[in-house]
Amino acid sequence: MDQSSIDALRAQEIAPRGHFINGAFQAGETGALHEVQSPINGQPLTQIAEGSPADVGAAVRSARTAFEDGRWSRMSPAGRKKVLLKLANLIESRALEIAVLGVRDNGTEINMAYKAEALSAAATFRYYAEAIDKIYGQVAPTSHDVLGLVHHAPVGVVGAIVPWNFPLMIGSWKIAPALAAGNSIVLKPAESASLSLLKIAELAAEAGIPDGVFNVVTGRGSVVGEALALSMDVDIMVFTGSGATGRRLLEYSARSNLKRCYLELGGKSPNIVFADAPDLAEAAKVSAAGIYRNSGQVCVAGSRLLVQQDIYEDFVAEITRHAESFRVGDPLDLNSQIGAVHSLPELDANLDFVKKAEAEGAERRTGGERILTETGGYYMSPTVMAGVKETDNLFQNEVFGPVLAVTPFKDEAEAVRLANATVYGLAGGVWTSNLSRAHRMVAEVRTGVMHVNTYGGADLTVPLGGVRQSGNGHDKSLHALEKYFDLKTAWIKL
Ligand code: NAD
């Protein structure tokens, strides 16, 4: 990856895109288009189809037809593996092009987009391709005159809705296991981050995924997403996004066909630093990256820093120093460490959180401002808010921006109580050299993922999923496959 290749890719015009239905790009039924803006400079970037319920209907019908006639669902696992491996190779060979395309509509810094979006998508397709011909059904321990078989049957048509922060990484976490298991998919990306996923649909066709098996319908959540989740012919919904939308999906399910909904939602993850941490300088450095990378637009971001009283002032000073040292700027400049905030409404919401926190008595140690306004883009300085109280808005609610809330604690019991004092349960971290305490904290802090003496970086081999109001179900690892199968029993009299 070098700057001149990135600059050449960024200079390319992006032609308006339609939906990807039944193996081809096509205009929506209404012909309406949605204007996509770039957060890099606030300028129009291209247009995508503004989907309608009729477009969703067409995509679901094409997915259902493909599923029923078995062109993919009845292909052998080894056959599906071959096609998915080809797709992984195609993504890898076009990784820079895909990463730059994605950065242009979502604003993630290119080093991160290249690895965490494009290359990670290729790795995800490869992982589930390799897994799928190693999964066996079961023979039940019955009496000798019957045979009880438990098959893994694909669920049918999967509806997937994904957010804008890591569209390709999160999209692949759903598309790859769903396809590997033999299902058809209708995917709805976020309206402001659809380009890289439309590219994957194109490459999927090139790799040999049969027509109708993988469909993408673009447009608004309240129209396309709602129609998908209300469809009587979608068998399960897999979703990553906000809790507010997750609640709606459960309502849509109740109002339609009771489809199962797997929800990966938001968090307000506690990152807990004890005075006995093995290396406080390292803890400050990693904790800063754990909140500020991708402008804090990371579901597992360690956005609540709980620091033991004895080291509180020194640690806050150290993390403030790190916050101030990040180079925020053009996400397609290799020298930038943090790119743009995704959109103007997101940026305004972040600034509003800071204002409200100050009004509630928190001290702004650094940041809290829109910067680089001359670019026309949406950039925000990494922000440290100290002295945040348990009852404060900033303690309780997810910002999804580069804003860290810092709160002191006295002892382990208070750390656990504060860690669990929100409605969320996605991720957390603990820094200590006391092994017993580390294990106690992993057990007692109610989250889906706990980091010990590190923060972030848990790879594809382990599940990611929230507890409490951070969701249900899991992406990543072999566990992610479970939701894409129904267990089917055959009870056979011998
Ligand atoms: P969002 O809920 O606003 O949007 C997510 C998706 O849902 C988008 O595609 C959107 O168009 C669609 N949508 C919106 N309204 C809908 C409706 N009424 N019906 C159906 N679909 C609808 O969330 P966002 O702002 O795009 O994403 C940020 C949120 O996602 C944060 O809360 C973040 O923590 C969460 N997130 C969670 C994880 C995880 O793995 N748990 C990962 C990344 C992001």
Side-chain angles (χ1 to χ4, degrees), residues 39-40 42 106-109 111-112 165 266-271 273 280-281 283-307 312-331 333 335-389 392-408 429 455-456:
I40 301 176
N106 96 330
T108 294
E109 171 269 316
N111 289 292
M112 178 174 253
N165 61 330
K268 189 78 193 183
S269 299
N271 182 21
V273 185
L280 284 167
K285 185 170 157 217
V286 176
S287 298
I291 170 65
Y292 299 123
R293 70 204 167 111
N294 202 26
S295 300
Q297 302 165 136
V298 177
C299 56
V300 296
S303 54
R304 274 188 303 142
L305 182 67
L306 307 180
V307 185
Y312 181 79
E313 269 313 323
D314 288 351
F315 198 82
V316 176
E318 187 68 358
I319 206 139
T320 302
R321 194 179 65 71
H322 282 291
E324 288 171 348
S325 73
F326 282 110
R327 291 187 300 278
V328 181
D330 178 351
D333 181 336
N335 287 317
S336 301
Q337 294 173 303
I338 296 175
V341 171
H342 179 65
S343 69
L344 196 52
E346 297 291 336
L347 176 60
D348 287 342
N350 296 347
L351 298 173
D352 197 48
F353 261 104
V354 173
K355 231 191 272 162
K356 282 199 180 117
E358 282 184 315
E360 286 182 319
E363 312 145 41
R364 173 153 49 120
R365 295 289 177 99
T366 190
E369 273 154 13
R370 181 175 182 178
I371 54 172
L372 304 172
T373 40
E374 67 284 4
T375 63
Y378 317 132
Y379 299 90
M380 181 168 171
S381 46
T383 306
V384 176
M385 302 298 297
V388 176
K389 300 181 295 301
D392 289 353
N393 182 47
L394 188 62
F395 188 98
Q396 293 294 335
N397 294 303
E398 183 185 42
V399 179
F400 218 54
V403 182
L404 181 65
V406 195
T407 305
Y455 202 96

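T366 pairs by the side chain to side chain donor-acceptor pair (under 3.5 Å) definition with E324, not counting sequence neighbours. Applying the side chain to side chain donor-acceptor pair (under 3.5 Å) criterion to T108, with sequence neighbours excluded, gives N106, N294. Checked against salt bridge (Lys or Arg N to Asp or Glu O under 4.0 Å), E318 has the following partners two or more places apart in sequence or in another chain: R321. Legend: residues meeting side-chain contact (heavy atoms from CB on, under 4.5 Å) with A288, ordered by chain and number and at least two apart, are Y292, I319, H322, F326. By the side-chain contact (heavy atoms from CB on, under 4.5 Å) test, R365 pairs with E313, V316, T320, E363, V384, A386, sequence neighbours left out. A search for salt bridge (Lys or Arg N to Asp or Glu O under 4.0 Å) contacts involving K389 returns D392, not counting sequence neighbours. Under the side-chain contact (heavy atoms from CB on, under 4.5 Å) criterion, S303 pairs with K268, I291, sequence neighbours left out. In terms of the side chain to side chain donor-acceptor pair (under 3.5 Å) criterion, residue partners of E109 (sequence neighbours excluded) are, by chain and number, N111. Residues satisfying the side chain to side chain donor-acceptor pair (under 3.5 Å) test with D314, not counting sequence neighbours, are none.
V399 pairs in a side chain to side chain contact (heavy atoms under 4.5 Å, CB included) with only one of the listed residues (V354, L394, T383, N393), which is L394. For the side chain to side chain contact (heavy atoms under 4.5 Å, CB included) criterion with T407, the lone passing option out of L305, L306, V307 is L306.
G339 approaches V328 most closely through the heavy-atom pair O-CG1, 3.9 Å. Listed here is the closest heavy atom pair of M385 and A362: CE-CB, 4.0 Å. Annotation for G367 and S381: closest pair CA-OG, 3.2 Å, computed over non-hydrogen atoms. Across all non-hydrogen atoms, the minimal contact from S269 to Y455 is CB-OH, 3.3 Å. The shortest heavy-atom contact between P39 and A340 is O-CB, 3.7 Å. Among all heavy-atom pairs drawn from A301 and G296, the shortest one is CB-O, 4.2 Å.
Sorted by first then second residue, the ring-ring contact (aromatic ring centres under 6.0 Å, His included) pairs that include residues 357-384, not counting sequence neighbours, number zero. The list of ring-ring contact (aromatic ring centres under 6.0 Å, His included) pairs with a residue in residues 336-373, not counting sequence neighbours, reads W164-H342. Within the structure, every pair that satisfies the side-chain hydrogen bond (donor to acceptor under 3.5 Å, both in side chains) test and touches residues 348-359, not counting sequence neighbours, is listed here: D352-K356, E358-R364.
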message: Apply side chain to side chain contact (heavy atoms under 4.5 Å, CB included) to residues Y312 and V406 and explain how you reach the verdict.
response: CA-CA 9 Å; Y312 181 79; V406 195; 3.8 Å; yes
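Not one N or O on the side chain of S295 forms a donor-acceptor pair closer than 3.5 Å with the backbone of Q297.
Counting heavy atoms from C-beta outward, I371 and M380 have side chains that stay 4.5 Å or more apart.
Rounding to the nearest 0.5 angstrom, the gap separating the OG atom in S336 from the CG atom in D330 is 5.5 Å.
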